[in-house]
Each structure stands twice: as structure tokens, then as C-alpha cells.
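A quick write-up on the structure given underneath.
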Amino acid sequence: MNPKSPPIAETDPDAPPSEEELRQAAELREALADPSRENDSAALARAVVLAHSPRPLDDVLHRALVAQALAPRPGSVTNLSAVRARRARTGVLVAAVSSMAVAAAALVFQQPSAAPVAQVEPETTPPLRARPTQALFREPFAAHGGESARIDRIASARASDLRENMFARWDVR
Amino acid sequence: MLSPVVADVWSTMLAGVGEAETSRDLESERLAVVLAKQGDRTALGELLVAYGPTLYRSVLLPRLGSEAAAKDALAETYAKVVERIGQFTWQGVGLYPWVRTVALRVAIDMLRARTRVVLWDAEDVAAELDREQEVAPADQRLSAMRDEKAARDKVAAALLRIHPRYARAIQVRLLDEETREEAARILEVTPATFDVLLHRALSALRKDLAGHGRDTA
């Protein structure tokens with residue numbers, strides 16, 4: 001067939017159908033009767049019908065759509081929870097890092113005074129053992145806020161530990 | 001999905017709110033918009049209930065050509081309106097033109113993602129939206145009438161571009177909604193032959209829409 005000439009069905013709508021056309025016509029008829037069947041021509045047929053005579057929206061469904069749009073989005077709740085959880089985790093992390101920094105600082109600040117206490121027998125005055133900050137906090141952390149207060153508490157406790165260790169080494173207790 | 005309790009509460013709350021087609025006073029609408037922008041969800045719900053049926057029937061359904069797609073688009077439109085109502089500026093013509101524009105943009109996105117040929121494609125709707133930046137439809141009812149007429153004109157123009165016998169088959173079976181047997185009788189063929197005729201008619205229409213015919217409607 002000449003590719004530039006239209007198929008005979010376009011020029012003669014009543015031309016005898018091919019086997020393929022008969023099969024496709026049967027598929028179209030079935031798809032028009034059963035919307036669950038996938039068929040491009042049936043989909044176009046429905047689009048033509050809906051453009052020419054659009055159907056109204058079911059009222060109950062519409063109200064459900066409105067309610068759904070206005071209801072708090074699950075994603076938003078999750079995000080908010082995630083934000084709060086992240087903030088809480090950040091607070092713990094900040095506290096942990098701060099306590100490590102305080103401990104490191106304690107070691108650094110300890111160095112200049114190491115020489116005088118070198119003569120002190122460590123066996124008789126054991127230093128306080130390193131320990132987690134958990135014991136400092138009996139109450140659960142708030143969802144947000146309070147980080148500065150917690151860091152202050154850790155710093156204060158560790159400063160106290162440092163003093164105890166220094167006094168122990170100097171044997172002034 | 002919406003819980004039955006929430007749906008029931010909203011159904012009760014929104015009961016009795018009619019469509020905007022039943023003469024919504026512009027001033028009361030302006031007040032509802034003010035409340036909605038302040039976060040009053042009942043006010044926003046009333047506005048959506050008022051506009052939804054028209055948006056669905058006149059704007060989304062004809063352009064998307066599928067009830068399922070139109071419902072999805074309406075839900076997406078509502079989500080965007082809820083999200084962006086704070087950005088809306090009252091210009092004395094009501095909320096509908098703005099909501100309609102949101103709906104058209106949603107329709108454009110959906111049409112761009114679609115592979116199947118329907119009456120409109122994304123570029124058709126985008127061009128329509130561009131034209132309306134100059135002459136925006138103000139009144140909801142007039143706008144809806146214009147949208148529905150545009151859809152019928154689009155169908156009529158498409159049928160004019162295909163063989164008259166194919167156009168007649170589509171007219172009788174789909175637009176006049178005659179039964180298969182009655183349509184066959186009107187076109188003076190057997191029902192089996194009418195099936196072939198309708199198949200050929202829709203193939204010709206699809207070919208036309210996929211080609212040059214789109215932008216000439």
C-alpha cells in the first residue's frame with residue numbers, strides 16, 4: 001500500500017472489514033459494555049461522551065473529597081512528629097557532645113597541674129570514674145527546649161567531678 | 001482514606017450548603033475567604049463545596065475525559081487550594097476564577113503524564129489558560145456555561161474533521177446515546193457491521209486528535 005494514501009476504511013467507511021478489524025471491533029464492543037476492560041477507542045468514546053454531556057459529581061463522594069482535603073494530612077503529622085523526634089535526638093546529641101567536650105577540656109586543663117600531683121600516690125586516692133550523663137537526668141526530655149539547661153547541668157556536674165579529682169590528687173580532701 | 005467518623009462529622013457540618021450556582025452573595029463569599037485565609041476550615045470547606053461540582057463537571061471532566069481522572073484532579077485541586085489559600089488576593093470577582101486556574105494547572109499536569117489520546121492535550125489547556133490571563137471568567141455560572149459550550153464545540157469540530165459517516169456513527173451511538181441495535185438501524189447496517197463502523201470512526205477520530213486536528217478546534 002502506498003504510505004501516502006489513506007487506508008481504504010478512511011475513504012470508504014463501509015468497505016469490507018479485515019479479520020483484524022473484526023477482532024478490534026468486537027473488543028471495542030466488549031470494552032464499551034465493561035469499563036474495566038482496557039481499550040483506547042473505548043476510552044476515547046467515554047471522553048467524547050463526557051465532554052459532550054458531563055455527568056454531575058456524586059454529592060457524598062464530593063463531601064468526602066472536601067473533608068479529606070481539610071483533614072490534617074497524615075504526612076504533616078508524621079513530619080511534625082519527625083521534627084520533634086529529631087529535635088529531641090539533637091538535644092541528646094548536643095548534650096553528649098558537650099559532655100565529651102567538657103571532659104576533654106577537663107583533661108586539657110588538668111595538664112598544667114599534673115606535675116605537682118605527680119608525687120601523690122594514685123593508689124590511695126583513685127579518681128572518679130568516667131560515667132554517662134544518664135544519671136543526671138531522671139525526667140524525660142521535653143519534645144523541644146531545655147537543651148541549654150541540660151548542658152549547664154552536665155557542665156556543672158563534670159566541673160564538680162574535675163574538682164574532686166584535683167582535690168584527690170592533691171590529697172586535700 | 002478518610003475515616004468514617006471524620007467523614008460523618010464533615011457531612012453533618014457541610015449539610016445544607018448548596019452549590020455556588022445558587023446565587024452566592026459576593027460579600028458573604030469575601031467574608032468566607034477572609035475567614036478561610038485566617039485558617040477557618042469550615043469557611044474553606046463551604047467554599048470548596050460550593051465550587052467543586054462546577055469545577056468537576058465543567059472544567060475537569062471534559063478536559064480529562066475520565067471520571068476517575070477528574071476525581072483525582074479535583075482532590076489535587078482541593079489540596080492545592082487548602083495549601084495556598086493564604087496567597088489568594090481578593091480582586092472583587094470571587095474565588096472561583098482562581099480555583100478554576102488551579103484546577104486547569106492540575107489538569108495540565110495530568111494530561112502531560114498521560115499517554116492515551118483524549119479530546120484535550122496539555123498544550124490545548126495551557127493555551128486556553130494563557131488566553132484567559134487577558135479575559136478571565138468572572139462569574140461562576142457564566143464561566144461554567146462557557147466551559148461546557150467549549151467542550152461541546154470541541155467535539156463538534158473534531159467530528160467535522162472526520163468522514164461524515166463516521167461522525168454520524170459517533171453522534172448516534174455516543175452523543176445521542178442510542179443502543180447498538182438502534183444505532184445500527186439508523187445507519188442502515190447490521191449490528192455487527194455497526195461495530196466495525198464505530199471502531200473505524202473512533203480510530204479515525206483518534207488519529208485526527210493525535211495529529212494536526214488538535215490545535216484547530
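Excluded from the calculations below are hydrogen atoms, water molecules and symmetry mates; all remaining heavy atoms, backbone and side chain alike, are included. A, B, ... follow the sequence lines: proteins, then strands. Residue 1 opens every chain.
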B/R57 and A/R55: side chain to side chain contact (heavy atoms under 4.5 Å, CB included), yes or no, with the steps? CA-CA 6 Å; B/R57 181 189 163 101; A/R55 274 50 169 166; over 6 Å; no
What residue, out of B/L205, B/T193, B/D147, has the most heavy-atom pairs lying under 4.5 Å from chain A? B/L205
A/H62 side chain near B/Y78 side chain, heavy-atom distance below 4.5 Å: yes
Can you tell me how far apart NE2 (A/H52) and CG (B/D176) are? Round to the nearest 0.5 Å. 7.5 Å
Quick check on B/L74 against chain A: is it the side chain, the backbone, both or neither that has a heavy atom closer than 4.5 Å? side chain
Do A/L44 and B/L209 have side chains that get closer than 4.5 Å, going by heavy atoms? yes
So which part of B/E67 gets closer than 4.5 Å to some heavy atom of chain A, the side chain, the backbone, both or neither? both
Part of B/L174 lying under 4.5 Å from any heavy atom of chain A: both
Between B/L198 and chain A, with a heavy-atom cut-off of 4.5 Å, which part of the residue counts as in contact: side chain, backbone, both or neither? both
Search all heavy atoms of A/A47 against all heavy atoms of B/L119 and return the closest pair with its distance. O-CD1, 4.0 Å
Mind checking the NE2-OG spacing from B/H199 to A/S41? Nearest 0.5 Å is all I need. 6.5 Å
Could you state the interatomic distance from CG (A/L32) to CZ (B/R180), rounded to the nearest 0.5 Å? 10.5 Å
Check A/P17 against B/V196 and note the closest heavy-atom contact, atom names and distance. CB-CG1, 3.7 Å
Whatever's closer than 4.5 Å to a heavy atom in chain B on A/R29 counts as side chain
Is there side-chain contact between B/K71 and A/L57, with at least one heavy-atom pair below 4.5 Å? yes
With rounding to the nearest 0.5 angstrom, report the OH to CG distance, B/Y56 to A/D58. 9.0 Å
Side chains of A/L50 and B/P62: closer than 4.5 Å at any heavy-atom pair? no
Does CD belonging to A/E20 count more than 12 external heavy atoms closer than 6.0 Å? yes
Do A/E21 and B/R200 sit within salt-bridge range, that is, some charged N less than 4.0 Å from a carboxylate O? yes
Does the side chain of B/V82 come within less than 4.5 Å of A/L70's, by heavy atoms? yes
